[in-house]
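Report on the structure given below.
Order of the sequence lines fixes the chain letters, A, B, ..., with proteins taken first and strands second; residue numbering starts at 1 for each chain.
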Amino acid sequence: MREKLNSYFSYVFEDELLDEIVQVGTYKKLRENELLVDLGDQIKGVPLLLNGAIKIVREDKKGEEMLLYFLERGDTCASSFASALSSGKCGIRAIAEKESEVIFLPVEKLDEWLVKYKSWRNFVIDSYNVRLNEMMETVDTLAFMKMDERLYKYLTDKAQIMRETSLNTTHQDIAYDLHTSRVVVSRLLKQLENEGKIKLYRNKIEILEF
DNA sequence: ACATTAAGTGATT
DNA sequence: AATCACTTAATGT
């Protein structure tokens with residue numbers, strides 16, 4: 001576990017903090033599509049993402065979904081800090097988008113570390129900042145971009161996060177993430193294919209142009 | 001061969 | 001851009 005931690009966090013945290021993380025953290029490997037956090041869950045620990053990708057989704061009471069952003073290696077779920085420290089409910093759902101490795105940090109240690117380690121404080125503040133920017137970007141996307149642009153952005157963003165040029169997904173899944181209907185996605189995808197930007201298969205989309 | 005699920009299409013709002 | 005109704009294609013049993 002120490003080696004895995006070192007490979008991504010050795011330049012972020014000081015050695016003593018790394019030691020503590022190894023002691024109190026619990027390592028977990030996530031299967032693809034494994035549910036990490038659900039709506040209204042009490043947060044049991046804050047995750048540090050070693051590798052893989054986690055999808056953060058907002059959902060309303062009717063089960064209507066909307067993708068907020070992805071977490072990548074070295075990220076943490078900023079929203080979980082707030083709910084962990086205030087022991088409130090989490091307003092989001094987190095799903096592993098692919099096989100991922102995380103270390104869960106116990107809630108009790110979080111504010112202790114805030115005063116003890118400046119690298120930890122920086123990390124927390126920084127991830128809040130990164131997340132806020134990410135959120136503003138998605139708001140922009142929602143407010144100012146048309147569906148076809150959003151779709152293309154979604155595809156290229158996701159391909160980058162997954163580090164692949166082709167995605168194994170269905171039109172329906174995309175429709176859930178973008179909060180639209182499958183028919184609309186199918187039509188716009190067809191359009192993108194005609195423009196030569198992508199190639200469509202069953203359960204698979206290949207991106208030809210970034 | 002049949003059932004199921006994914007994707008394509010025209011028409012309507 | 002959403003929804004309906006229907007078709008066609010791919011895949012699993």
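- Taking the centre and axis of the six-membered ring of A:Y201, the NZ or CZ atom of A:K199 falls inside the cone set by 45° and 6.0 Å.
- Under the 4.0 Å criterion applied to side-chain N and carboxylate O atoms, A:K116 and A:E16 are not assigned as salt-bridge partners.
- A straight line from CG of A:L167 to P of B:dA7 spans 13 Å, rounded to a whole angstrom.
- Rounded to whole Å, atom C1' of C:dA2 lies 16 Å from atom CG of A:L151.
- In terms of polar N and O atoms assigned as donor or acceptor, the side chain of A:R202 comes within less than 3.5 Å of the base of B:dT5 in a complementary pairing.
- Atom pair A:L178:CG and C:dA2:C1' shows a separation of 15 Å (rounding to whole Å applied).
- The base of B:dA6 lies outside donor-acceptor range of the side chain of A:R182, with no N or O pair under 3.5 Å.
- Protein atom CG of A:D173 is 12 Å distant from nucleotide atom C1' of B:dT5, rounded to whole Å.
- Inspection of the A:E20 and A:Y117 side chains reveals an N or O donor paired with an N or O acceptor under 3.5 Å.
- Here A:H171 does not reach the OP1 or OP2 of B:dT5: none of its side-chain N or O atoms lies under 4.0 Å away.
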**Request:** Would you please test A:D19 and A:R2 for salt bridge (Lys or Arg N to Asp or Glu O under 4.0 Å) and show each step?
**Result:** CA-CA 8 Å; A:D19 287 336; A:R2 179 64 198 238; 2.2 Å; yes
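- When rounded to the nearest whole Å, the span between CG of A:L200 and P of B:dG8 equals 6 Å.
- Proximity of A:T170 to the phosphate of B:dT5: no side-chain N or O atom is located under 4.0 Å from OP1 or OP2.
- Salt-bridge annotation for A:K98 and A:E164: absent, with no side-chain N of the basic residue lying under 4.0 Å from a carboxylate O of the acidic one.
- Comparing B:dA6, C:dC4, C:dA1 against the side chain of A:N203 picks out B:dA6 as the nearest.
- Atoms CG and CE, from A:D140 and A:M145 in turn, are 9.5 Å apart once rounded to the nearest 0.5 Å.
- Remark: A:V184, A:R187 in residues 184-197 of chain A come within less than 4.0 Å of DNA chain C through at least one heavy atom.
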